[in-house]
Participant: 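Following this message is one structure expressed as structure tokens.
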Amino acid sequence: MRWLDDGRPEARAELDALYPHTGNAYFIGITGHPGSGKSTLVDAFIRLCRERDLTVACIAVDPSSPFSGGAILGDRVRMNRHALDDGVFIRSVATRGNLGGLSRSTPASVQVMDAMGFDIVLIETVGVGQDEIDIVRLADTNVVVMVPGLGDDIQATKAGVMEIADIFAVNKSDLDGADRVVREIKTMLSMNESADDEDAWIPSVLKTVATHQEGLEPLFEAVEAHRDWLQAHRSDRDRDRQRIEQLVRLVISGEFDARIGRLLGTDTWKSHLEAVLDRTETPYEAADALFDEIF
Amino acid sequence: MSETQTKQSDASPPETTHRVLIGKVGLDGHDRGAKVIARALRDAGFEVIYTGLHQTPEAVAATAVQEDVDGVGISILSGAHNTLVPEIIEALEERGADDIFVFAGGIIPEDDIATLKDQGVRAVFTPGTPTREVIDFVRDACREQADNR
């Protein structure tokens, strides 16, 4: 997984060897605002899974500094009681400049976790607001964590994150305003076009207090209910397909970036750049020529 | 990885982003030093896995393995360093991870530093050490590690 993070070519052979062993884990995405309690909820969820003898791998994504490239990966602070449990594997990764709430390596890393034989793979996204929706293609069930007290925020997030939720967990629901958040989400959901469609999945809205392990059983049941719904309405192959599609796309764009990287600073690159500066070539003409160069 | 390199003007750019675990073991609840070091390392371009307070040596070693870090930094202010730090080194060895280097920081008497180093601790930093010094050590140790891998 380190090789995946670093984009090392050696990872390729490993992944090829592991791939036949994938396709068995159930993927759950956990996303929500910074400080909404995602890590704590993940910790509580892992505990519940372990009580039911399910093994769990978790990939926890935190942001990289745009300035130094460094990162403090602190999700484990909430989860480290599982450190000595062989049935739990936790890996922290940094976004390394990738947008969308995940690291570039995440789609491949979760394949490794799948191949390791874990029953459940949890993917905790970086805590951003609205557009971290890469997770939707990766996870079977998406849990969006909300908290009371953000007021108008619920309006702001109506697009993006709010649309990807299969389950809403209103965490810290011992705080004032939890019922209001639940009500607002339900109202929003009732306005969806699919609200009247009997076959459609209507996202569940649950209250949790992750620090006290409250509301976790209902959350687990909601995940199971969504999984049953998926199995009834969409084939395993279809669910696998969207994950694989994203992986293949990312591999291609990674290779593309690597080729651009190799092109930078070459004489060809410099000469086109100079031509653009001399106004003898437009940036678009240069890009066209350079594009042909990397294939 | 290019963003890693922008601020590292003092040396050749790393081929990888180095990963370091900063942990607190035992009973002491003072994590300011650990957080300062974690922050300084972040600003120097490292990915820092922070474990939080009250970890056992075994948990630190298990975490270091799962996270595939280059090194482990232990902050300890309780005086229990002579017991806990060697236990971490042992636990790493048991897991076949003796390639992970261990360094320590905190209130550690001069006499104990030599003992700890004999037991495999690569460096010990006492209060007042400039963070720059810690960063330079960690960077060199990570590079050396990467070369040996």
Side-chain angles (χ1 to χ4, degrees), chain A residues 1-11 39-40 43 57-98 103-105 109 112-113 116 254 257-258 260-261 264-265, chain B residues 1-9 13-25 31 34-70 91 94-95 100 135 138-139 145-146 149:
Chain A
M1 280 187 249
R2 178 78 177 264
W3 284 349
L4 292 171
D5 280 346
D6 291 345
R8 293 266 290 269
E10 297 96 312
S39 300
T40 312
D43 170 63
C58 170
I59 186 157
V61 190
D62 266 334
S64 292
S65 159
F67 302 109
S68 72
I72 292 189
L73 310 175
D75 290 320
R76 285 196 86 104
V77 173
R78 320 269 177 245
M79 306 179 196
N80 233 24
R81 63 170 146 172
H82 305 291
L84 290 176
D85 180 348
D86 288 338
V88 179
F89 182 92
I90 299 168
R91 179 71 175 210
S92 317
V93 295
T95 52
R96 299 199 182 175
N98 197 46
S103 73
R104 201 177 291 251
S105 60
S109 293
V112 176
M113 291 170 162
M116 283 163 86
D257 285 348
I260 295 174
L264 295 179
Chain B
M1 260 182 305
S2 59
E3 66 268 43
T4 321
Q5 298 162 10
T6 47
K7 272 203 173 172
Q8 291 179 340
S9 47
E15 61 298 323
T16 169
T17 301
H18 297 303
R19 288 165 68 88
V20 185
L21 180 149
I22 297 294
K24 289 283 304 178
V25 283
D31 58 354
K35 284 176 175 163
V36 167
I37 291 300
R39 172 67 197 269
L41 288 168
R42 184 203 85 176
D43 289 343
F46 292 87
E47 286 180 4
V48 183
I49 288 95
Y50 183 62
T51 63
L53 295 167
H54 309 314
Q55 300 296 312
T56 63
E58 291 79 20
V60 168
T63 304
V65 171
Q66 286 192 2
E67 296 286 358
D68 194 6
V69 293
D70 300 295
E94 273 167 26
R95 288 172 168 78
I100 298 176
I135 290 165
V138 175
R139 181 172 297 142
Q145 239 267 41
R149 269 192 183 179

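Keep in mind the model is a prediction, meaning the values are calculated, not measured. Numbered from 1 within each chain, the chains take letters A, B, ... in sequence-line order.
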Participant: Nearest 0.5 Å, please: how far is CD in B/Glu67 from CZ in A/Arg2?
Facilitator: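 If we round to the nearest 0.5 Å, A/Arg2:CZ and B/Glu67:CD are 10.5 Å apart.
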Participant: Got a second to check how far A/Arg76's CZ is from B/Ile49's CD1, nearest 0.5 Å?
Facilitator: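 A/Arg76 CZ to B/Ile49 CD1: 8.0 Å, rounded to 0.5 Å.
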Participant: Mind checking what makes side chain to side chain donor-acceptor pair (under 3.5 Å) contact with A/Ser109, not counting sequence neighbours?
Facilitator: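 For A/Ser109, no residue satisfies side chain to side chain donor-acceptor pair (under 3.5 Å) once neighbours in sequence are set aside.
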Participant: Can you measure from OG (A/Ser65) to CD (B/Glu47) and round to the nearest 0.5 angstrom?
Facilitator: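 Those atoms lie 11.0 Å apart.
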Participant: Grab the two heavy atoms, one from B/Ala62 and one from A/Ala83, that are nearest each other, plus how far apart they are.
Facilitator: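 Shortest heavy-atom contact: CB-O, 3.4 Å.
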Participant: On a heavy-atom basis, which atom in B/Thr17 and which in A/Asp6 lie closest, and how many Å separate them?
Facilitator: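 Closest heavy-atom pair between B/Thr17 and A/Asp6: N-OD1, 3.9 Å.
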Participant: Once salt bridge (Lys or Arg N to Asp or Glu O under 4.0 Å) is applied, do any residues pair with B/Arg95, and if so which ones, sequence neighbours excluded?
Facilitator: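 Scan of B/Arg95 (salt bridge (Lys or Arg N to Asp or Glu O under 4.0 Å), adjacent residues dropped) gives none.
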Participant: What's the shortest heavy-atom distance between B/Tyr50 and A/Ile72, and which atoms?
Facilitator: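 Distance-wise, the nearest heavy atoms are CB-CG2, 4.4 Å.
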Participant: Of all heavy-atom pairs between A/Ala71 and B/Arg42, which one has the smallest distance, and what is that distance?
Facilitator: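 So the two residues come closest at N-CG, 3.3 Å.
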Participant: Find the distance between CG (A/Leu73) and OG1 (B/Thr51) and round it off to the nearest 0.5 Å.
Facilitator: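 Nearest 0.5 Å value for the CG-OG1 distance: 12.0 Å.
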Participant: If you define the side chain from C-beta out and look only at heavy atoms, does anything of B/Arg19 sit under 4.5 Å from A/Asp5?
Facilitator: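 Yes. Closest side-chain heavy atoms under 4.5 Å.
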Participant: For the residue pair B/Gln66 and A/Ile90, what are the closest heavy atoms and their distance?
Facilitator: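 Closest heavy-atom pair between B/Gln66 and A/Ile90: OE1-N, 2.8 Å.
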Participant: Which pair of heavy atoms, one from A/Arg91 and one from B/Asp68, lies closest together, and at what distance?
Facilitator: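 Smallest interatomic distance, heavy atoms only, reads NH1-CB, 3.2 Å.
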